[in-house]
Amino acid sequence: MSAAADVLPGRIRVLVVGAGPTGLTTALELVRRGVEVLLVDRRAQPLPWDRATVIHSRTLEIFDALGLVEEFLQRGHRMDGVNIFAYGQRCVTLRFDSIDSRYPFDLNLSEHITEQILARRLLDCGGAVHRGWTLTALSGPGSDGTEPDFGGPLTARLEASDGRVHSLEADWVVGCDGLRSSVRDLIGMAVEGHAYDTLWGVVDGRLEHWPHDPRFGAVQIEPPSLNPLPLGPDRWRVYFRADAELEGQPAAVLPRIAAALTALAPGAALVDHDEPMLFRTYRQVSCSFRRGRVLLAGDAAHACSPIEGHGMNAGIQDAFNLAWKLALVLDGAADEDLIHTYEPERRPVVEAFGASGDAAEQLRAVPDQRPAVERVKRLLMAGMVSPQDRYQAALAESELDFRYGPSPIVRSHWQGSSGAGTGGDRSGGESQPSWLGPHPGDRLPDAGPLQGQPGVSRLYDLLRQPDFVLLWLATDATRVELAPEWLAALESLARVWFISTAGWEPLPPRCWLLDAEGLVHARLGVVDPTLLVVRPDSRVGFRCQAPDPLQALDYFRGWRHLPVVPKVH
């Protein structure tokens, strides 16, 4: 939608600034929950070029939850791993097939297509992208011109590309407007970090006479470094390093790309290519992801080296963490304090990405000297010599293994001993043994088969609605007897499912699923009856053994308003 055709509201619940993957996911997740959202972007049209390519396993699981993964899989290109080369010889192969996910691979897809898919889904859900609008001023009710107060409601000033000016009031503002965020600047939020010395470049084209496996990306160690990634059967995206003196001269890098290709794959050539694009990269993080009712997500909050492909994925995962919390606050179902959990859960993840990017950049800064290159080669080979080493490297690539640590919405309970706020501790409490399966704060893994309900064959089929899910995992010897008022109380807070390895009585059959092969119980580490509360971002929020509805209600009571409080008999 263009600015010329827009009629913007005078008041909105949430203003989202920036319609890249982070802003689109934020808006989509809010609209799916019935929140009125205005999504604006300063560009009149989406960018015709992009930098991000790789969609990691965790983000594919998020797209599964959004009901979009099949379209992504159809339009993207599966990449099963990466081959690392030195002087044309393969020295290390990193495969992704050991990853415990329905998507044990990277999916390569141009970012502008990712945006198209998300924008179309947003439109289907009743939202829209309003283009050609720039946020130029932002203030709160207590602002006095010297010490801005962004406690809300907020007043935003938008300027259109055709010169129009529009002011509106918003309860919350989410800045998803990139590395040079205007939202971040308007709230005076400082950033810390550094720029990388060497330029990065990218060019799309065909690789003629490419001798290596097209299911795998390639990484060249020796300068000039080159990373060809497959975009499809006959299309590649080639990332490369360029000297600073070439900035503003993208065509001048073509001879260097040709020389690097000759070293990587003698006889190969880049043909039918577009114009190379050069760009600078940064590691930076905002001093805070929030000021009052203004929130930052994606590159507006943090940035890392593109070398491992974490940037776009991290922004989408920010949105998936934040939007459901903001929706509960706006609905009156939780206090504003819930938003305080956003940064503590996401900051450790993005700081890990930044540190990992720094280490990778240091390795790629190897001088053009054979002894130095051979040393890096030996270092990489030594770091992935065992199956466990290669598994850990693949797991880091997938972004699946990050746990959300101590938080009011990450808890556990073992028998009579409370483990509140111990999600970062494997034991979940001093008196508890180590959990098997997912711990509080972990993502829920997928598992199946399940029987008993149409359209439900695996755990992830239960996660496609924007709600909490409560899994009561019974066993063969368990007869679940739950008073109707307790069941009603739990169902007012979550979608409740009883999963048994045997039958389903005496509770309503609409709640029951059969794990006849026991594979779901095994994957979740359930030996004895266990209760799991799964948050809307598919993280385990609460784990309780043995199942206790009172403890489940206490978990919710700790941070949100309970619509039903049953009498205790």
Side-chain angles (χ1 to χ4, degrees), residues 1-20 22-31 33-46 119 122-123 125-190 286 288-301 319 322-323 326-327 329-332 336 339 342:
M1 186 179 295
S2 67
D6 280 347
V7 177
L8 301 186
R11 193 181 193 289
I12 198 72
R13 302 306 304 274
V14 181
L15 171 64
V16 179
V17 182
T22 302
L24 286 164
T25 305
T26 302
L28 174 57
E29 280 292 84
L30 289 168
V31 168
R33 291 168 169 83
V35 177
E36 293 179 331
V37 175
L38 177 65
L39 172 60
V40 299
D41 193 281
R42 64 181 177 82
R43 296 183 178 90
Q45 298 294 332
L122 175 63
L123 187 63
C125 292
V129 181
H130 299 264
R131 294 196 168 275
W133 290 98
T134 300
L135 178 69
T136 58
L138 188 62
S139 61
S143 300
D144 59 7
T146 57
E147 187 65 31
D149 174 12
F150 298 100
L154 304 162
T155 300
R157 184 177 188 269
L158 300 171
E159 294 186 10
S161 54
D162 61 6
R164 287 181 297 148
V165 175
H166 181 80
S167 292
L168 61 86
E169 188 177 272
D171 291 328
W172 291 82
V173 173
V174 185
C176 307
D177 50 341
L179 192 69
R180 296 173 179 84
S181 168
S182 61
V183 175
R184 191 183 63 225
D185 289 345
L186 288 169
I187 63 174
M189 184 62 66
S286 297
S288 175
F289 296 174
R290 177 186 181 187
R291 177 156 290 169
R293 290 194 179 183
V294 183
L295 298 151
L296 302 174
D299 286 353
L322 173 62
L326 191 52
V329 171
L330 287 164
D331 190 47
E336 193 173 312
I339 306 300
Y342 164 58

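Since this is a predicted model, take the numbers as computed values, not measurements.
Checked by atom type and distance alone, the side chain of Arg33 never pairs as donor or acceptor with a backbone atom of Ala327 at under 3.5 Å. With hydrogens and angles ignored, the 3.5 Å screen pairs no side-chain donor or acceptor of Thr26 with any backbone N or O of Ala319. Proximity of a side-chain donor or acceptor of Asp177 to a complementary backbone N or O of Val183 within less than 3.5 Å is detected. Remark: side-chain polar atoms of His130 are not paired, donor with acceptor, to backbone N or O of Val7 under 3.5 angstrom.
Looking only at side-chain heavy atoms (C-beta outward), Arg131 and Ser161 stay at 4.5 Å or farther from each other. At a threshold of 4.5 Å between non-hydrogen side-chain atoms, the residues Trp172 and Ile339 count as touching. Residues Leu158 and Leu168 form a side-chain contact, since some pair of their non-hydrogen atoms from C-beta on lies under 4.5 Å apart. Looking only at side-chain heavy atoms (C-beta outward), Leu8 and Trp133 come within less than 4.5 Å of each other. Under the 4.5 Å side-chain criterion, counting only non-hydrogen atoms from C-beta, Val31 is not in contact with Leu39. Side-chain atoms of Ser182 and Thr134, non-hydrogen and from C-beta on, never get closer than 4.5 Å to each other.
Taking 4.0 Å as the cut-off between side-chain N and carboxylate O, Arg293 and Glu336 count as a salt-bridged pair. Salt-bridge annotation for Asp299 and Arg180: absent, with no side-chain N of the basic residue lying under 4.0 Å from a carboxylate O of the acidic one. Checked for salt-bridge contact, Arg13 and Glu36 miss the test: no charged N lies under 4.0 Å from a carboxylate O.
Summarising the local packing, CZ of Arg42 is surrounded by 12 or fewer heavy atoms from other residues, nucleotides or ligands at distances under 6.0 Å.
Taking every heavy atom of both residues into account, Arg184 and Ser181 meet most closely at N-OG, 2.9 Å.
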